[in-house]
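See below for the structure under consideration.
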Protein chains: 2
Amino acid sequence: MHTWICPSFEKAMRLLAQRWTGMIIYQLLSGPQRFCHMESALGISGKVLSDRLKDLENEGIVKRTIYPETPVRIEYSLTDKGLAFEPIMREVERWSQTWLPSASP
Amino acid sequence: MHTWICPSFEKAMRLLAQRWTGMIIYQLLSGPQRFCHMESALGISGKVLSDRLKDLENEGIVKRTIYPETPVRIEYSLTDKGLAFEPIMREVERWSQTWLPSASP
DNA sequence: ACAGTTAGTTACTTTATGTAAGTAATTTTA
DNA sequence: TAAAATTACTTACATAAAGTAACTAACTGT
């Protein structure tokens with residue numbers, strides 16, 4: 001059994017270990033976005049994006065806002081809890097730039 | 001198509017989005033460890049741990065050292081590339097402590 | 001000799017992810 | 001005005017990844 005790792009930390013890691021979760025949060029760090037924009041920006045399928053956004057909404061990380069314009073516009077954005085991922089993303093960025101230099105063309 | 005996200009960043013995220021990868025790195029940040037110790041500390045199955053350690057070795061994040069004692073001892077440790085994950089883990093820890101306070105008993 | 005440990009592997013099941021097409025409500029274009 | 005496109009999804013199905021449990025092989029301690 002394993003009881004020696006902090007459960008909060010474990011849960012956070014489990015979130016990030018869900019495929020696409022991190023990329024979705026990173027994508028939303030650049031501002032509120034619509035479903036189909038995220039779909040093409042990330043190269044993710046509608047099904048998985050839909051699932052992930054629902055999960056992230058349930059976790060209180062993403063907020064779904066309906067603008068009842070005509071046509072209706074639905075935007076996804078980060079809550080404070082989601083915005084607080086920024087330092088993590090910055091460190092991932094730093095690590096990747098140091099240790100995974102882009103391949104030569 | 002999606003070409004606007006840095007490929008290095010994407011690769012780093014894909015690493016972390018592999019289940020257990022983050023937890024294994026975190027576990028090894030506390031020092032070199034043997035297979036069966038990690039197995040029980042993380043509550044991961046031997047099969048998956050074996051797979052992940054192989055992947056991480058190929059990525060140059062984990063080093064496998066054989067001590068030809070009797071009986072033979074095999075230890076897994078982080079390379080510099082692996083140790084450089086520490087700031088990321090610290091930020092994940094910080095986020096989790098702020099936003100995922102442990103449930104009441 | 002027998003049970004236990006270590007570092008795995010193998011076979012099989014379950015879950016997660018990906019792919020492609022479909023839908024319903026609009027809106028733009030010919 | 002009919003046909004095509006867009007948005008925000010869902011559904012059905014295929015494949016890949018993870019989990020479970022049992023097994024192996026080499027040793028070791030009792």
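Within every chain, numbering begins at 1; the chains are lettered A, B, ... in the order of the sequence lines, protein sequences first and strands thereafter.
Residue B/W20 has a polar side-chain atom (N or O) positioned under 4.0 Å from OP1 or OP2 of D/dG19. Neither OP1 nor OP2 of D/dA8 sits under 4.0 Å from any side-chain N or O of A/K54. Close to D/dA14, at under 4.0 Å from its OP1 or OP2, lies no side-chain N or O of A/K47. Residue B/S50 has a polar side-chain atom (N or O) positioned under 4.0 Å from OP1 or OP2 of C/dT9. Contact check, A/R34 against D/dA8: a side-chain N or O comes under 4.0 Å of OP1 or OP2. Between B/Y76 and C/dG8, a side-chain N or O to OP1/OP2 separation shorter than 4.0 Å is present. Contact check, B/R64 against C/dG8: a side-chain N or O comes under 4.0 Å of OP1 or OP2.
Nearer the 5' end of DNA chain D, as judged by each residue's closest nucleotide, is the contact made by A/C36, out of A/R19 and A/C36.
Between the P atom of C/dT6 and the CD atom of B/E69 lies a distance of 13 Å, rounded to the nearest Å. Distance CZ (A/R73) to C1' (D/dT6): 15 Å, rounded to an integer number of Å. For the pair B/Y67 OH and C/dA7 P, the computed distance is 12 Å after rounding to whole Å. As rounded to whole Å, 15 Å separates atom C1' of D/dG19 from atom CG of B/L42. Following rounding to the nearest Å, B/D51 (CG) and C/dT9 (C1') show an atom-to-atom distance of 10 Å. At whole-Å resolution of the value, CZ in A/F35 and C1' in C/dA24 are 15 Å apart. Between A/R52 atom CZ and D/dT10 atom C1' there is a gap of 16 Å when expressed in whole angstrom units. One interatomic measurement links the two molecules: CG of A/L49 to P of C/dT19, which rounds to 14 Å at whole-angstrom precision.
Among the atoms of the strands shown, only primed sugar atoms or phosphate atoms (P, OP1, OP2) are found under 4.0 Å from some heavy atom of B/Q18.
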- Task: Apply side-chain hydrogen bond (donor to acceptor under 3.5 Å, both in side chains) to B/Q27 and B/Q33, showing your working.
- Result: CA-CA 9 Å; B/Q27 182 67 27; B/Q33 282 163 56; 2.9 Å; yes
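Salt bridge A/R94/B/E91: absent, no basic N to carboxylate O contact under 4.0 Å.
Aromatic ring centroids of B/Y26 and A/F9 lie under 6.0 Å apart.
Distance check: A/L78 CG to A/L83 CG gives 5.0 Å after rounding to the nearest 0.5 Å.
A pairwise comparison of heavy atoms in A/T79 and A/V62 identifies CG2-C, 4.1 Å as the closest pair.
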